[in-house]
Every structure is written in C-alpha cells, then in structure tokens.
Amino acid sequence: MHFASTNIHFNLQNASDFINIFIMDTKKRSDCPISCSLDVWGDKWSLLIVRDLMFAKQCTYGDFLKSDEKIATNILATRLQMLEENGIVAKLNHPDSKAKVLYRLTQKGIDLLPIMIEINLWAEKYFTLPAERKALLKEIKKNKEGFLKARIKELKES
C-alpha cells in the first residue's frame, strides 16, 4: 500500500505499519488488537461518552456532565481530549454560542456502534435494564443489520 501526503511517501507493508503511522500518540501495551483498541476507548468513561454521542448525535460539555453517571469535570476533559486525539470524536463550533463547542462522533467513532450494540445485548442477559432500553434492544434484535445501517446513516448525517 502506498500513501502520499504533503510530499511524504509511506510504503505500508502491513496493518501494523498503518497503525504505527496513524495512531502514533497512543501508547500500546502489546500488538494485540484488543489491547490496542482498549488503549483508545476501553475505560468506562470513554465508552459512556461514545454512548451519549450515539444516542444524542451531538453533545456539549455540559450535556455530558448531566448524564446519570456524574462524570467529574477533570475526567471528562481528559477523556474528550484523548478521544479527539485518537480520531473518535470531533469538536465543532456551537451554532448558538461562541463559548460552547459541540462534540460528535467521527467515522472512526461511528464504527464502534456494532460493539456498543453487542455490549447492550450482553448486558440484557445479565442485568435488569430500563424498559426503554429493553424496547430498543427488542427492535434491534428483529433486524440488527437494518438497525445498524439506519443508525450509521443517521450518525453520518448529523
């Protein structure tokens, strides 16, 4: 594979070369794909931020603070920065306020939707879920592929 960017040419021989170039800032514990992925989004706060963006499509900093889990401001700021640096979320200007920004998922973040659905389905087996979440999961199970396709389209258009 060959990439050219601003007069810099990369010859990529394998996937690990690609990962090393495009995720340079993330410190890896190993070459295991699960471990590398968890380094980017595997803490509980990051996944909750991704969850909120998947359901709300866009959130302000204050919107995240209103979630039931009550994330501390310092943790929220750190996780948003880390998710932005790793290309999971993007920061946009707020249309109504210069003092606020909006966060939304990038394509890389949207690609986490199937994982988030599977986590929800796993949790349904082992935990008591709110009625609205159970209803959503019932709909998802009727046509998971159709749900994923429609939701991904919605998230891309937001």
With sequence neighbours excluded, what pairs up with [X] under the side-chain contact (heavy atoms from CB on, under 4.5 Å) test?
| X | result |
| --- | --- |
| Ser46 | Asp43, Arg79, Met82, Leu83 |
| Ala72 | Asn74, Ile75 |
| Leu47 | Trp41, Met116, Ile119 |
| Asp111 | Gln107 |

Sorted by chain and number, sequence neighbours left out, salt bridge (charged side-chain N to carboxylate O under 4.0 Å, His left out) with Lys156 holds for none
Sorted by chain and residue number, the salt bridge (charged side-chain N to carboxylate O under 4.0 Å, His left out) partners of Lys141 (sequence neighbours excluded) come out as Glu124
Pairwise distance [atom1]([X]) to [atom2]([Y]) - rounded to 0.5 angstrom:
| X | Y | atom1 | atom2 | value |
| --- | --- | --- | --- | --- |
| Phe147 | Leu136 | CZ | CG | 5.0 Å |
| Tyr61 | Lys66 | OH | NZ | 13.5 Å |
| Glu118 | Leu113 | CD | CG | 10.0 Å |
| Ser158 | Ile110 | OG | CD1 | 6.5 Å |

Run the side-chain hydrogen bond (donor to acceptor under 3.5 Å, both in side chains) test against [X] and tell me which residues pass, sequence neighbours left out.
| X | answer |
| --- | --- |
| Glu84 | none |
| Ser67 | Glu69 |
| Lys153 | none |
| Lys142 | Glu139 |

Exercise. Would you kindly confirm whether Phe55 and Leu65 end up in one hydrophobic cluster when ILVMFWY residues are joined by side chain heavy atoms under 4.5 Å apart?
Key: yes
- Query: Leu112 and Leu38: same hydrophobic cluster, using ILVMFWY side-chain contacts below 4.5 Å?
  - Reply: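 Looking at the clustering, Leu38 is in the same group as Leu112.
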Qualifying side-chain hydrogen bond (donor to acceptor under 3.5 Å, both in side chains) pairs with a residue from residues 125-138, counting only residues at least two apart or across chains: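 Applying side-chain hydrogen bond (donor to acceptor under 3.5 Å, both in side chains) to every pair that reaches into residues 125-138, excluding sequence neighbours, yields Asn120-Arg133.
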Check: Lys108 side chain, Asn86 main-chain N or O, donor-acceptor pair, under 3.5 Å:
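Yes: the side chain of Lys108 pairs with the backbone of Asn86.
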Any donor-acceptor N/O pair, Thr60 side chain to Val101 backbone, under 3.5 Å: no
Evaluate side-chain contact (heavy atoms from CB on, under 4.5 Å) for Phe64 paired with Leu80, printing each intermediate quantity in order.
-> CA-CA 10 Å; Phe64 293 117; Leu80 283 169; 3.8 Å; yes
Does [X] reach the side chain of [Y], with side-chain heavy atoms less than 4.5 Å apart?
| X | Y | result |
| --- | --- | --- |
| Ile71 | Leu48 | no |
| Leu53 | Leu155 | no |
| Leu105 | Val89 | yes |
| Tyr103 | Ile49 | no |
| Pro95 | Leu102 | yes |
| Lys144 | Leu121 | yes |
| Leu137 | Leu129 | yes |
| Asp68 | Lys70 | no |

message = Using every non-hydrogen atom in the two residues, find where Cys36 and Ser30 come nearest and quote the distance to one decimal.
response =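 Closest approach of Cys36 to Ser30: SG-O, 3.2 Å.
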Candidate pair Glu145 and Asn143, rule side-chain contact (heavy atoms from CB on, under 4.5 Å), full reasoning: CA-CA 6 Å; Glu145 287 303 313; Asn143 182 3; 4.3 Å; yes
